[in-house]
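The sequence lines fix the lettering, A, B, ..., with proteins before strands; numbering per chain opens at 1. In this text, all values refer to a predicted model and were calculated from it rather than measured experimentally.
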Number of protein chains: 2
Amino acid sequence: MLEKIKLPTTRNGKATFHLLLRAAELLFLENGYHKTTVADITQKAGVAAGTFYVYFPSKISLYQHLLTDISHSIRKEIAEKIKDKDSRRDKEKEGIKAFLEYAVKNPHMYNIIWESFYIDRALFRDYYESFSRRYVRGLESALKTAEIADVDLEVVSYILMGVTNFVGLKLILDLGDTPKTIESVVDTIMHVLDHGLFSKK
Amino acid sequence: MLEKIKLPTTRNGKATFHLLLRAAELLFLENGYHKTTVADITQKAGVAAGTFYVYFPSKISLYQHLLTDISHSIRKEIAEKIKDKDSRRDKEKEGIKAFLEYAVKNPHMYNIIWESFYIDRALFRDYYESFSRRYVRGLESALKTAEIADVDLEVVSYILMGVTNFVGLKLILDLGDTPKTIESVVDTIMHVLDHGLFSKK
DNA sequence: TCATAAAGTGAATGTATATTCATATAATAA
DNA sequence: TTATTATATGAATATACATTCACTTTATGA
């Protein structure tokens, strides 16, 4: 399923390749995959239409490459930030914060990741299943030290992904009446994760 | 932005109109908006290509109509099910369950709703903003009776929508290794909403 | 500097598909 | 019945756009 792209070898080639990726990323952000044409991409990159096919066998192969890139980049960013936190609770908080920061700084990630649901379903499944697996691994070690409650960790991973994704969406699209800061929404999320939603009597 | 569709008046017209909607719904489910052609829809509905344009001025107008339909249907279903629950906690639990049941019974809703992110951004915003507002209204009354914690309710609404949407996604796409029942995932969600994620020492 | 490979070109091609339209049939109301 | 309106047809149209290809230019290393 994954189409093979041709990596450039020379300095010039690498520059062109990079220009194409950056142009596509920006256009996918603004207009989505379907409304972005190969001609748009090559024009924005400042190269001829045919140049596109020097590196990418098809439009979708560029998309797949971009998604894989983003997927690695975001994992790395989160792993980096939580690695020196001690408790699972602090790792969780930092991970949520890192995800939201990444999302706000790279708002196109939603366009690229979510659109894979319609463009390449296998890629979509893969993305979230492996994200979930990584999450579960972390949660399992926290379960061993009794840091977290003994619940279905796979479901918990989807709960946590849902929370961060939807809150991130709100931030990026500025949904609702009042804009929020990352800090304030992280506080709200952590309140729920710390104490639940309902009042104790 | 909302294109005006022409509603049928006669018995025959109504039947055709309905056939077109049902056919489109099924095809959008299977293949998504872009991979579904108007010809596919009319063929599945058993009418000529031109008939489509008797009722719908464009392909997107049919999509908008469908999304509006689903949006109303799901709200009604949830409102119906939670209305006789007393506590906010029970309303929440029942609402989450109703959403997941609806999603599993109508798995195409994700296709239709999420794809609006790429097809008609305004529709997407509208859908989640009004869903959020409705949520906040319910939570506000629970806040007055001190049933829930005093946190940013708008953010909480996105937290809850994120949880249900992502857990629903897991159920529908059968993500992960082990399939789950609606009951079991609702229990896990309620555990987190009742007690938070972390162990109390 | 010459040979070979890599990179780049852009006009031409082919296909897919949303929409139109002139026309036909069926229903309805007067 | 007849006039009018609603519904239905499907071939024709028009356009958008991914991809190809024959060719040129540039880089590299022997």
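Comparing C/dT19, D/dT7, D/dT19 by their closest approach to the side chain of A/Val38 singles out D/dT19. Proximity note for A/Val47 (side chain, C-beta onward) versus C/dT9, D/dT9, D/dT19: the nearest is C/dT9. With D/dT9, C/dT19, C/dA7 as the candidates, the nucleotide lying closest to the side chain of A/Pro8 is C/dA7. When distances run from any side-chain atom of B/Tyr55 to the nucleotides D/dA8, D/dT9, D/dG10, the shortest one goes to D/dA8. Closest approach to the B/Thr10 side chain among D/dA6, C/dG8, C/dT9 is made by D/dA6 (side chain taken as heavy atoms from C-beta onward).
For the OP1/OP2 pair of C/dA5 and a distance below 4.0 Å, the side-chain nitrogens and oxygens of A/Thr9 include no atom meeting the criterion. An OP1 or OP2 oxygen of D/dT7 is reached within less than 4.0 angstrom by a side-chain nitrogen or oxygen of B/Lys6. For B/Thr37, no side-chain nitrogen or oxygen approaches OP1 or OP2 of C/dT17 to under 4.0 Å. Remark: A/Tyr53 is not in phosphate contact with C/dT9, judged by side-chain N or O atoms under 4.0 Å from OP1 or OP2. Residue A/Thr51 places at least one side-chain N or O closer than 4.0 Å to OP1 or OP2 of C/dT9.
At the heavy-atom level, A/Thr36 lies under 4.0 Å from the strands shown only through sugar-phosphate atoms. As judged by a 4.0 angstrom heavy-atom cut-off over every strand, B/Pro57 is placed among residues making no nucleic acid contact.
Remark: of the listed residues B/Leu21, B/Ile5, B/Thr16, B/Leu62, B/Thr16 is the sole one forming a side-chain contact (heavy atoms from CB on, under 4.5 Å) with B/Tyr55.
In this entry the distance linking NZ of A/Lys14 with P of D/dA27 reads 15 Å, nearest Å. Between A/Ile60 atom CD1 and D/dC17 atom P there is a gap of 17 Å when expressed in whole angstrom units. Rounded to whole Å, the distance from CG on B/Asn12 to P on C/dA24 is 21 Å. One interatomic measurement links the two molecules: NE2 of A/His18 to C1' of C/dG8, which rounds to 19 Å at whole-angstrom precision. Atoms CD (B/Gln43) and C1' (C/dA18) sit 16 Å apart, rounded to a whole Å. Rounded to an integer number of Å, the gap from CZ of B/Phe56 to P of C/dT17 is 20 Å. When rounded to the nearest whole Å, the span between CG of B/Asp40 and P of C/dA16 equals 12 Å. Rounded to whole Å, the distance from CG on B/Leu19 to C1' on D/dA8 is 13 Å.
Taking for each of B/Phe52 and B/Arg11 the nucleotide of DNA chain C with the nearest heavy atom, the 5'-most of the two is the partner of B/Phe52. In this structure, A/Val54 and B/Lys35 both approach DNA chain C, and ranking their closest nucleotides by distance from the 5' end singles out A/Val54.
A ring-centre distance under 6.0 Å is found for B/Phe166 and A/Tyr128.
Between A/Lys180 and B/Glu154, at least one side-chain nitrogen of the basic residue sits less than 4.0 Å from a carboxylate oxygen of the acidic one, meeting the salt-bridge criterion. The pair B/Arg22-B/Glu25 meets the salt-bridge criterion, with a side-chain N (NZ, NE, NH1 or NH2) lying under 4.0 Å from an Asp/Glu carboxylate O. Using a 4.0 Å cut-off between charged side-chain N and carboxylate O, A/Arg89 and A/Asp194 make a salt bridge.
A/Lys6 and A/Phe17 make their closest contact through O-CE1, 4.4 Å (heavy atoms, listed as atom of the first residue, atom of the second, distance).
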